[in-house]
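Worth saying up front: this structure is predicted, and the values here are computed from it rather than measured. Order of appearance sets the numbers: ligands from 1, and atoms from 1 within every ligand. All heavy atoms count here, side chains included; hydrogens, waters and symmetry mates do not.
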Amino acid sequence: MIENIIPPELAARLADLYDRMAGAYDLVAAELAFSCESCDDNCCDSFFLHHTLIEWAYLWQGLGELPEEDLRRVRARAERYLAEAAAAMARGEHPRSMCPLNEEGLCALYRHRLMICRMHGVPARITRPDGKAMQFPGCFRCQELTAGMARTPEVDRTGLYRELAGLEQELVAATGRGRTRIKMSIAEMIVAGPPRR
Ligand code: SF4
Ligand code: SF4
């Protein structure tokens with residue numbers, strides 16, 4: 001069994017928050033009659049970096065439940081992803097490789113996918129702790145849909161992000177790790193193994 005630093009109670013609260021993120025997304029998607037169905041693109045090849053210990057640990061909770069052979073396969077794909085990303089960056093390009101958790105177009109770890117996987121697509125806004133407001137127009141397909149709309153429905157991510165930051169603080173305090181800056185792709189999280197105390 002793979003040891004994990006995330007206490008079950010905190011994992012349950014993160015799962016609940018993740019559900020509410022997906023719920024907020026679904027409401028806006030429904031209002032826009034927007035879905036990913038029959039999209040030629042697949043956002044799982046977008047290069048995202050993630051910043052929380054708790055998401056890394058929760059991802060590993062899911063990875064830890066995979067049969068050994070599946071985990072080996074995922075790790076091999078993650079190593080390949082990192083090599084491709086490094087080569088792209090060396091060429092001065094933005095990495096664009098399929099996420100190592102994507103299998104035949106679907107997420108192999110759906111319940112444990114990260115926050116941005118649940119939020120990307122529809123328009124959103126956030127008010128940062130310094131009061132600065134930021135807006136996200138949604139993916140290219142959603143932008144086509146909302147072009148010319150007088151009022152665009154959007155997810156307000158502010159409270160959801162704040163809650164995630166709170167859970168992160170609780171985990172950092174529980175592990176006694178001290179605050180460390182995390183900036184990792186999913187592939188890096190996989191190759192690095194589960195976070196340690
Ligand atoms: S979020 Fe947008 S670009 Fe990504 S798969 Fe869905 S419809 Fe396509
Ligand atoms: S974790 Fe799942 S949903 Fe997120 S990018 Fe990877 S395959 Fe896609």
**OP:** Inspect the surroundings of CD in Glu93 and state if more than 12 heavy atoms from other residues, nucleotides or ligands are less than 6.0 Å away.
**Re:** yes
Looking at [X] and [Y], does any basic side-chain N land under 4.0 Å from a carboxylate oxygen?
X: Arg73; Y: Glu103; result: yes
X: Glu3; Y: Arg197; result: no
X: Arg20; Y: Glu163; result: yes
X: Glu170; Y: Arg13; result: yes

Give the residue and atom name of whichever protein heavy atom lies nearest to [atom], and the separation in Å to one decimal.
atom: atom 2 (Fe) of ligand 1; result: Cys139 SG, 2.3 Å
atom: atom 1 (S) of ligand 1; result: Cys43 SG, 3.5 Å
atom: atom 6 (Fe) of ligand 1; result: Cys36 SG, 2.4 Å
atom: atom 7 (S) of ligand 1; result: Arg141 NH1, 3.2 Å

Subject >> Total protein N, O or S atoms, atom 6 (Fe) of ligand 2, separation less than 2.8 Å >> reply: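 Those protein atoms number 1 in total.
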Subject >> Subset of ligand 1 atoms that lie under 4.0 Å from at least one heavy atom of Phe140 >> reply: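 By the 4.0 Å cutoff, the relevant atoms are 3 (S).
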**OP:** Using a strict cut-off of 4.0 Å, indicate which atoms of ligand 1 neighbour a heavy atom of Cys39.
**Re:**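 Within the 4.0 Å cut-off of Cys39, ligand 1 contributes 3 (S), 5 (S), 7 (S), 8 (Fe).
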Original post:
So do the side chains of Arg118 and Arg113 get within less than 4.5 Å of each other, counting heavy atoms only?
Top reply: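 SC-SC contact between Arg118 and Arg113 confirmed.
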**OP:** Check whether any side-chain heavy atom of Glu84 sits under 4.5 Å from a side-chain heavy atom of Pro95, and report yes or no.
**Re:**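 Not touching, per the 4.5 Å side-chain cut-off.
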Original post:
Which residue, Thr52, Leu171, Ile54, forms the side-chain contact (heavy atoms from CB on, under 4.5 Å) with Leu14?
Top reply: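 Passing option: Ile54.
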**OP:** Indicate, with yes or no, if the rings of His120 and Phe48 have centres closer together than 6.0 Å.
**Re:** yes
